[in-house]
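Okay, here's the structure, questions in a sec.
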Amino acid sequence: MTGSTSQERAAHGVTAAARLRKPSWRDPRLLVGLLLVLLSVLGVILLVATANRSEPYYVAAEDLSVGQRITAENLTTVDAHLQDASSQYLPGGQALREDAVMTQRVARGQLLPAAAVGTADALDRTPVGIALETPVPAQAGPGTHVDVWVARPKPTGRGYLEPRKLVTAAEIARVDTTDTALGGSGGVTVHVLVTRSQVGPLVDALGNDAKVTLVPNTTGGGS
């Protein structure tokens with residue numbers, strides 16, 4: 001009995017010593033643990049790098065008006081991190097169509113929305129230039145809306161008929177100012193965006209020497 005007990009104690013001691021022995025570099029369990037740690041760290045690094053990755057996007061190098069033909073010369077690029085909104089803007093590496101035109105106004109320095117670029121046949125509005133005799137309202141500029149009032153000449157040729165509103169809430173595409181040789185302002189032409197059905201009446205009024213006045217429309221609503 002005593003000998004058997006001694007042998008059991010010795011075997012137990014060897015087993016305990018094996019459990020407490022410092023693991024070797026060749027121990028598979030240690031190698032697997034190190035591999036898991038390395039993979040975890042690498043995964044975190046890749047996740048952070050992906051989350052912070054920036055891509056080039058087109059930016060308007062100048063004010064771009066509706067109907068304007070655009071090329072790479074009208075644009076510049078900037079690196080931006082847009083995450084879920086990236087599909088809404090044109091990437092800087094994407095080539096522009098030869099017949100690309102602006103379907104929406106984009107101010108200088110703004111990112112170029114994908115929806116703002118199309119073709120001429122996709123335009124639902126077209127710009128018509130109006131040479132004004134009266135001063136342009138101070139608050140009127142590209143992107144603002146105005147009502148177009150027209151007063152036609154009387155049949156007698158003296159004076160004008162009662163003015164009527166021809167177009168409601170027309171968006172101003174751009175404003176051109178002509179300077180005189182003396183440095184003063186020689187005239188102002190305001191390009192307003194109108195629908196195809198409004199082009200004819202407006203051109204007819206302009207061609208018959210009607211007096212045109214632009215009145216700011218603060219609501220931006222059409223008739």
Side-chain angles (χ1 to χ4, degrees), residues 60-71 73-75 99-223:
E62 59 189 61
D63 289 340
L64 303 176
S65 57
V66 176
Q68 177 180 344
R69 292 286 298 271
I70 59 168
T71 65
E73 296 179 354
N74 306 116
L75 307 171
D99 57 349
V101 300
M102 296 300 300
T103 58
Q104 300 175 19
R105 178 182 177 273
V106 178
R108 177 182 179 183
Q110 291 184 349
L111 290 171
L112 192 66
V117 180
T119 56
D121 57 0
L123 291 172
D124 59 351
R125 297 174 299 169
T126 186
V128 174
I130 301 175
L132 296 179
E133 298 178 1
T134 58
V136 180
Q139 64 270 44
T144 60
H145 294 79
V146 292
D147 295 335
V148 181
W149 287 78
V150 173
R152 296 179 178 274
K154 290 182 177 181
T156 59
R158 301 181 61 181
Y160 294 88
L161 298 173
E162 183 178 352
R164 66 185 184 91
K165 185 164 58 175
L166 190 62
V167 182
T168 300
E171 181 182 350
I172 295 179
R174 72 175 190 270
V175 178
D176 295 335
T177 302
T178 303
D179 295 332
T180 65
L182 298 178
S185 177
V188 176
T189 300
V190 179
H191 299 263
V192 298
L193 299 172
V194 296
T195 63
R196 297 184 186 277
S197 62
Q198 294 169 332
V199 171
L202 181 56
V203 171
D204 178 70
L206 295 173
N208 285 282
D209 298 325
K211 185 176 182 180
V212 180
T213 303
L214 302 182
V215 179
N217 183 308
T218 57
T219 64
S223 59

Closest approach of Ala173 and Ser65, non-hydrogen atoms and distance?
->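 Here Ala173 and Ser65 meet closest at O-CB, 3.6 Å.
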
Taking all heavy atoms of Asp147 and all of Ala169, pick out the closest pair and write down the distance.
->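 Result for this residue pair: OD1-N, 2.8 Å.
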
Distance, nearest 0.5 Å, that separates OG1 of Thr126 from CD of Gln198 |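 Separation between the atoms: 11.5 Å.
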
Qualifying residue for side-chain contact (heavy atoms from CB on, under 4.5 Å) with Val117, from Val106, Ile70, Leu64, Val101 |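 Testing Val117 for a side-chain contact (heavy atoms from CB on, under 4.5 Å) against Val106, Ile70, Leu64, Val101 leaves exactly one candidate, Ile70.
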
Nearest-0.5 Å distance that lies between atom CG in Leu123 and atom CD in Gln104 |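 Going from the CG atom of Leu123 to the CD atom of Gln104 covers 10.5 Å.
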
Distance-minimising heavy-atom pair for Pro153 and Asp209 |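 Scanning both residues completely, I find the closest heavy atoms to be CG-O, 3.5 Å.
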
What are the two closest non-hydrogen atoms of Ala115 and Thr103, and how far apart are they?
->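 Closest approach of Ala115 to Thr103: O-OG1, 3.0 Å.
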
Under the side chain to side chain contact (heavy atoms under 4.5 Å, CB included) rule, collect the residues that match up with Ala151, sequence neighbours excluded.
->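 Partners of Ala151 under the side chain to side chain contact (heavy atoms under 4.5 Å, CB included) test: Tyr160, Pro163, Lys211.
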
Do Leu132 and Thr189 come close enough that some side-chain heavy atom pair is under 4.5 Å?
->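 No, side chains not in contact.
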
Salt bridge (Lys or Arg N to Asp or Glu O under 4.0 Å) involving Arg69 - partner list, sequence neighbours excluded |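 None.
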
Report the distance from atom CD of Glu62 to atom CZ of Arg108, rounding to the nearest 0.5 Å.
->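 Reported value, rounded in 0.5 Å steps: 8.5 Å.
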
Search all heavy atoms of Pro201 against all heavy atoms of Ser197 and return the closest pair with its distance.
->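 Scanning both residues, the minimum pair turns out to be CD-O, 3.4 Å.
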
So do Arg164 and Arg152 actually touch side chain to side chain, heavy atoms under 4.5 Å?
->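 A side-chain contact exists here, since the closest heavy-atom pair is under 4.5 Å.
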
Partner residues of Thr71 under the side chain to side chain contact (heavy atoms under 4.5 Å, CB included) criterion, sequence neighbours left out |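 Expected list: Glu73, Asn74.
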
Taking side chain to side chain contact (heavy atoms under 4.5 Å, CB included) as the test, write out the residues that go with Leu206, two or more places apart.
->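 If we apply the side chain to side chain contact (heavy atoms under 4.5 Å, CB included) test to Leu206, skipping adjacent residues, the hits are Val128, Ile130, Leu202, Val212.
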
Backbone N/O of Gly200 and side chain of Asp204: donor-acceptor pair under 3.5 Å |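 Side chain of Asp204 to backbone of Gly200, a donor-acceptor pair under 3.5 Å: no, none is there.
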
Mind checking what makes salt bridge (Lys or Arg N to Asp or Glu O under 4.0 Å) contact with Asp124, not counting sequence neighbours?
->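 Checked Asp124 against salt bridge (Lys or Arg N to Asp or Glu O under 4.0 Å); zero matches.
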
Would you check if Leu112 and Met102 make a side-chain contact, meaning some heavy-atom pair closer than 4.5 Å?
->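 SC-SC contact between Leu112 and Met102 confirmed.
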
Compare all side-chain heavy atoms of Val192 with those of Val167 and state whether any distance is below 4.5 angstrom.
->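 No. Closest side-chain heavy atoms not under 4.5 Å.
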
Mind checking what makes salt bridge (Lys or Arg N to Asp or Glu O under 4.0 Å) contact with Arg105, not counting sequence neighbours?
->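 Counting only residues at least two positions away or on another chain, Arg105 forms no salt bridge (Lys or Arg N to Asp or Glu O under 4.0 Å).
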
Are Asp176 and His191 close enough that some pair of their side-chain heavy atoms sits under 4.5 Å apart?
->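 Yes. Closest side-chain heavy atoms under 4.5 Å.
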
Just how far is it from atom CZ of Arg125 to atom OG1 of Thr195, taken to the nearest 0.5 Å?
->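 So the CZ of Arg125 and the OG1 of Thr195 are separated by 10.0 Å.
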
Any chance you could measure Lys165, atom NZ, to Thr213, atom OG1, to the nearest 0.5 Å?
->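 Here the interatomic distance stands at 13.5 Å.
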
Indicate the atoms forming the closest heavy-atom contact of Ala60 with Ala107, along with that distance.
->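 Of all heavy-atom pairs spanning Ala60 and Ala107, the closest is CB-O, 3.5 Å.
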
Interatomic spacing from NE2 in His145 to CG in Leu193 - rounded to 0.5 Å =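 It is 8.5 Å, given to the nearest 0.5 Å.
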
